[in-house]
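Below is one structure, written out as C-alpha cells, with a few remarks after it.
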Amino acid sequence: MNLNAVKTIYVHEMRRFWRTITQSLVSPVLSTSLYFVVFGAAIGSRIDQVEGVGYGAFIVPGLIMLSVMTQATSNASFGIYFPKFTGTIYELLSAPVSFLEIVAGYVGAAATKALFIGIIILLTAFAFIDIQIAHPLAMIALLMLTCISFSLLGFIIGIWAGNFEQLQLIPLLVITPLVFLGGSFYSISMLPPVWQTITLFNPVVYLISGFRWSFFGVADVSIGLSLLAITAFTAACLGFIWWIFRTGWRIRQ
Amino acid sequence: MTAIVSVKNLRKAYAGGFEALKSINLDIQEGEILALLGPNGAGKTTLISTICGITTPTSGTVTVGGHDTQTDYRAARGMIGLVPQEISLEPFETVFSTVRFSRGLFGKPRDDAKIDEILAQLSLADKRDNKVITLSGGMKRRVLIAKALAHEPRVLFLDEPSAGVDVELRKDMWEVVARLKASGVTIILTTHYIEEAEAIADRVGIINKGQILLIQDKAELMAQMGKKQLRIDLAVATPDIPAALAKYELQRAPDGRSLTYTYDTNGPRTGITTLLNDLQSAGLQMTDLQTQQSSLEDIFVGMVKEEA
Ligand SMILES: Nc1ncnc2c1ncn2[C@@H]1O[C@H](COP(=O)(O)OP(=O)(O)OP(=O)(O)O)[C@@H](O)[C@H]1O
Ligand SMILES: [Mg+2]
C-alpha cells in the first residue's frame, strides 16, 4: 500500500480547497440562508407542522443533503477531470499507485470538503432556528456516508466527462431534480398515492429520509432500508470505478 | 553489463487498430544513455508510454530492473522517472509544491531539502515559489524534469527534452544529463536532432514505423562516419572496372560514367594518390572529382527513406 501517495493526493486536493475557502463556503452559506428566509420564514409561517416538526426545522436535513450531494459530486468530478484536462494524469498513470489509492486520495478529499460544507450549513441553520438532533452519531455517520458515496459518483463523472459541459451536466440534470423530488422540502406522505410509489424509485428519498430520522426520529421509509440503499449505492459506485481502472476506460489507451 | 530495461516482442495497436509498435525488442543497459531517433509518428512516444504504464501493451513484455511492468508494476514504476513530450503541468501550483507532489505520489517520504537540491540543479531555485503559469516554456520543461527526478529514479525517460528549448537551455540540459549519468542513472531520450544524439548518447537507436531499424554504439557509428567517399567522373563511360584497379574496391555507377572510392580518413594513408595514378595508367580520363563524408544524418535519412 502506497500510503504516501494517498496522503499526497489528499493533501494536494485539500490545499486547493483552502486556497479558495471563501469561495467554497460563501455560496453554500448564502444559498442556505436564502432558503431559510424564503421557505422557513415566508412560506413556513403559513405551514403549520410536518410530521410534528416545525417547517423551518423540517427542511434543514433536506437542505444539508442538497448541498452535500451537489458539492461532493462536483468536487470529486472536477478533482479527477482537471488532471485529464491539463494532461497531468500521465503522472498518476505512471506512478506506483493502485486504483484504490488514487480513489482514496481524490474521493477522500472531495468527501472531506463536502462534509465540511454540510457542517457549516448545519451551523448556519442553528443561527436561524432552534433544532434538536435526536441521534447525533447516526446523523454524522449518514452525512459521511453520503459525502463518500456521492464523491464516488462524482469521480466516475469526472472520468467519463470529455469536456466541461459534460462535467456540469450530470449534477444539473440528474442530482438537483432527484434531490428536489426526493422529499427535501416535504414529506413523501404529503404526495398523492401514485406519486408516493413513483418516488420510492428515487434513491435520494432513502438518504434524505434516513438523515431526517437522525434529526427528528421520524422518517418516510425505515432507517434500515435507508442504510441498505446507501450501502448499495456506494458499492455500485465502487464496483464501477474498479471496472474503470481494470479496463482503463477513458483514461488509459 | 546487465539490461535494466528489457523489452520483448512488444506490440501496441491503438483502439482504431493502428499498429504503432511492431514487435519491438530492446535491451537498455544499466548506466547508459540511449538516444532514440525517428521521424514524426515513428512510435517513440508510444514506446516510452508503454514502458512507463501510460498505455497498455497489446502483447509482449517489459521488465524494469527485473520487475514486469504489468504484474509487478509498483516495483517497476517506482524505478522510472518520465519527462513527457507535451508540457503538462497544473498551472496554479507553485514549482515547489508540484515537484513535492511528484515525490509523494511515488511513495517517497517528504524531503524538502532534496527537492530544493533538485531545483537548484536545474537552475529553478529562484522560481521555487512562482506559479507554474508564470514560467516560460523552457522553464516549464525544467519543472517537468524536476518532477521526474523528485523520487530519485534509476531510469529516466526524456521524451524530446529539447523541443522548444533554446541552445543555452539545451546545453544546460545536457549537463544535467551528464551529471545524472555520472550518478548511475540510465537515460533514454528521444530526439529529432542528430547532433543531440551525437553529443550525449552512448548508443543510438533509429526507429521508424513502429520498428527499430538499427541500434548501435555511437563510437561504431562515428567510425563509420569517419569514412569518406571520392567520386570520380569519367569523360567516357567504362563498361567495367579494369582489373588493375581491383584492389581499390571501386563502385561503378550504373551508367558507367563515374566510379566511387571509399576510404578511411583516420587511416595512415588514404590511397588517393596511387589510385589517381593507376586510373591514368588504365587509360581512364577524369573530368571531375568530388569528396563526400557520410554522417549520422545520412545514415538516418537513408534508412528512413528505404523504409518509406
Ligand atoms: N491515442 C492514439 N490513438 C491512435 N493512434 C495514436 C495514438 N497515439 C499515437 N498514435 C499514432 O501512433 C503513431 C506513433 O505515434 P507516437 O506519438 O508514438 O510517435 P512519435 O515517434 O513520438 O512522434 P513525434 O516525433 O511526432 O513525437 C502515430 O502514427 C500516431 O498517429
Ligand atoms: Mg513523440
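So you know, we letter chains A, B, ... as the sequences are listed, proteins then strands, and number each from 1.
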- Shortest non-hydrogen separation from B:S88 to A:T88 and the atoms involved: O-CG2, 3.5 Å

- Item | Closest contact, heavy atoms only, B:L89 versus A:T86 | O-CB, 3.9 Å

- Side chain, backbone, both or neither of B:E86 within contact of chain A (heavy atoms, under 4.5 Å): neither

- Message: Less than 4.5 Å to any heavy atom of chain A: does that hold for the side chain of B:K108, its backbone, both, or neither?
- Response: backbone

Atom pair [atom1]/[atom2] of [X] and [Y] - distance to nearest 0.5 Å:
X: A:N4; Y: B:R103; atom1: CG; atom2: CZ; answer: 9.0 Å
X: A:K7; Y: B:L105; atom1: NZ; atom2: CG; answer: 13.5 Å
X: B:F101; Y: A:R15; atom1: CZ; atom2: CZ; answer: 10.5 Å

- Would you call B:R100 and A:H12 a side-chain contact if the rule is heavy atoms closer than 4.5 Å? no

- Test item: A:T8 and B:F106 side chains (from C-beta on) under 4.5 Å apart, heavy atoms: no

- Would you find more than 12 non-hydrogen atoms of other residues, nucleotides or ligands less than 6.0 Å from B:K181 atom NZ? yes

- Message: Would you say that more than 12 heavy atoms from the other residues, nucleotides or ligands in this model lie under 6.0 Å from the CE of A:M14, or not?
- Response: yes

- Message: Are there residues of residues 47-84 of chain B whose heavy atoms fall under 4.5 Å of chain A's heavy atoms? If so, which?
- Response: B:C52, B:G53, B:I54, B:T55, B:T56, B:Y73, B:R74, B:R77, B:G78, B:L82, B:P84

- Residue pairs passing the ring-ring contact (aromatic ring centres under 6.0 Å, His included) test where at least one lies in residues 72-92 of chain A, sequence neighbours excluded: A:F78-A:F82, A:Y81-A:F164, A:F85-A:F164

- Query: Is the shortest side-chain N to carboxylate O distance from A:R16 to B:E93 below 4.0 Å?
  - Reply: no

- Message: Counting only non-hydrogen atoms closer than 4.5 Å, does A:L92 touch chain B with its backbone (N, CA, C, O), its side chain (CB onward), both, or neither?
- Response: both

